[in-house]
Amino acid sequence: MARGRFPRRTFTWLLRSFVYGTLFLAAVWAGLVTSAFSSVDDLEAKADYRQVQGTVYARDGKTVLRKLRAPETRSYLEAEQLPEVLINAVIAAEDRRFFEHPGIDVRGLARAALVDIRARAAKEGGSTITQQLVKNAYVGPDRSIGRKTREAVLAVALESRWSKERILA
């Protein structure tokens, strides 16, 4: 055996482990997404995501310019009523690859993770617009791995049911 090379058995075992592990993780992911469909159906029935109170802050992030109390101070538009310039602005600011991913952006998550690792702190988020909708409508703002996992699963399930335009609206 040449120095620095794997024996054929070891390579075969590693390859099989990788393939079976990948298949196992894919099956678990598919099960989680499928089980999330019932939660996605609840979003239609829940109008409380439209009832969330909002606040508009000045540039300093502290000065309150306006309190938004639903439904008195808000108008909800259908997807066809959204101005294209608004759609482009939201996508540019929040999720440049919105029309390219299935609810989670693996490249965006990897980029955010690298930034956070380099900074040794949580500096950048990797959430998509769909994940932000799910967070606001379903899972809440708590910061945990469990919440992020549930958010990702629900985002994929939501995108399999709703169009991108409907999610934006």
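One is the number of the first residue; the rest follow in order along the sequence.
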Should [X] and [Y] be regarded as members of a common hydrophobic cluster, given that ILVMFWY residues are connected when their side-chain heavy atoms come within less than 4.5 Å of each other, either directly or indirectly?
X: Val106; Y: Leu154; value: no
X: Tyr57; Y: Val90; value: no
X: Phe99; Y: Leu109; value: no

Distance, nearest 0.5 Å, that separates [atom1] of [X] from [atom2] of [Y]:
X: Leu82; Y: Ile87; atom1: CG; atom2: CD1; result: 5.0 Å
X: Glu159; Y: His101; atom1: CD; atom2: NE2; result: 6.0 Å
X: Ile91; Y: Leu168; atom1: CD1; atom2: CG; result: 5.0 Å
X: Lys135; Y: Thr130; atom1: NZ; atom2: OG1; result: 13.5 Å

Heavy atoms, side chains only, cut-off 4.5 Å: are [X] and [Y] in contact?
X: Glu165; Y: Glu80; answer: no
X: Val56; Y: Val64; answer: no
X: Ile167; Y: Phe98; answer: yes

*Only counting residues at least two apart or in another chain, list the ones meeting side chain to side chain donor-acceptor pair (under 3.5 Å) with Glu94.*
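Partners of Glu94 by the side chain to side chain donor-acceptor pair (under 3.5 Å) criterion, ordered by chain and then number, come out as Gln132.
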
*side chain to side chain donor-acceptor pair (under 3.5 Å) with Arg97: which residues, sequence neighbours excluded?*
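Result, side chain to side chain donor-acceptor pair (under 3.5 Å) vs Arg97: Glu100, Asp105.
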
*Side chain of Thr128, backbone of Ile104: donor and acceptor closer than 3.5 Å?*
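No; zero donor-acceptor contacts below 3.5 Å.
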
Using a 3.5 Å cut-off and no angle test, enumerate the donor-acceptor pairs between side-chain atoms of residues 11-22 and protein atoms at least two apart in sequence or in another chain.
from  : atom 1 : to    : atom 2 : distance (Å)
Thr12 : OG1    : Arg8  : O      : 2.9
Ser17 : OG     : Trp13 : O      : 2.9
Thr22 : OG1    : Phe18 : O      : 2.7

_I need the minimum non-hydrogen distance between Gly103 and Ala155, along with the two atoms involved._
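Shortest heavy-atom contact: O-CB, 3.6 Å.
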
